[in-house]
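A short worksheet on the structure shown next.
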Amino acid sequence: MSIRIHPIKAFNDNYIWTLINENNKQAIVIDPGQAQPVIDYLETHGLELTSIWTTHHHHDHIGGVAELQESYPMTHLVAHSEHGVDEDQTIKDGSTVSAWGCSAQVWDVSGHTASHMAYILDIDGQKHCFCGDTLFSAGCGRVFTGTIEQLHDSFKRLNELPDETLLYPAHEYTASNLRFGLSIEPDNEAMQQALAQAEAQTAQGAPTLPVTLEHERAINVFLRTQEPSVIAGVKSKVTIDDDNSLTVFAALRELKNNF
Ligand SMILES: [Zn+2]
């Protein structure tokens, strides 16, 4: 199966991840916050939209859904019942979604919102995880309608995926997240290298994504809450009651809110 995965840019820093089947010229978009950039891309490349998947209800992820349904009436909309759209297939944790014979597992990765889903698509044994606003490269989403405990659990769960899993967050926040990470772990060489690379890519308008989970484990402080260097970095800034992963994770999220 040849599925190409392409980021359509929207707003300032959103990516609408697009699955493209080169054989039949069909496309699936994930989290279309805007319709026009999607329509422009599909028309330029002679593609037909057949499915929309959403991860959560925020406007910059669903804002283009209704217009795309009007423009492409045959489109199959996949969403959770709390995403605020008129879905054809209602999903929850454990659901399976299909992309031209490839299956995607749906995982509940709440915390940013209370009904945040991730899609883990398996193409010929390689996993591709569309994680919305739960995990960003070198960072994590803010807590809105979910809880910090849920977000911490979601990170633990995502961290169980295979090393080579490719992660596709919905925003380009990599460089600023790395600057925060380096404020916690100034001597982390993998982070220093990743920041130099992300700054060069961003200057050229090139996405820093996707990233492997193996890479994230080296550069994302929110996946590194049990590393002595991260615990020490947090303690140099705030007082925490214990070194538990959740305590460190919550302190990091709070520090990032004010970074
Ligand atoms: Zn969001």
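Each ligand, and each atom within it, is numbered from 1 in the order the structure gives. Side chains included, hydrogens not; waters and symmetry mates left out as well; all remaining heavy atoms used.
With no hydrogens or angles considered, a side-chain donor-acceptor pair links His171 and Asp60 at under 3.5 Å. Under the 3.5 Å distance criterion, with hydrogens and angles disregarded, a donor-acceptor pair is assigned to the side chains of His128 and Tyr168. Counting only N and O atoms by type, the side chains of Asp108 and His116 include no donor and acceptor under 3.5 Å apart. Between Gln69 and Thr75, the side chains place no donor N or O within less than 3.5 Å of an acceptor N or O (distance only, hydrogens not considered).
In summary, no N, O or S atom of Asp60 is located under 2.8 Å from the Zn ion (ligand 1). Contact annotation: His112 places an N, O or S atom under 2.8 Å from the Zn ion (ligand 1).
For His58, the N/O/S atom at the shortest distance from the Zn ion (ligand 1) is named ND1. Counting just the N/O/S atoms of Asp133, the one with the shortest distance to the Zn ion (ligand 1) is named OD2.
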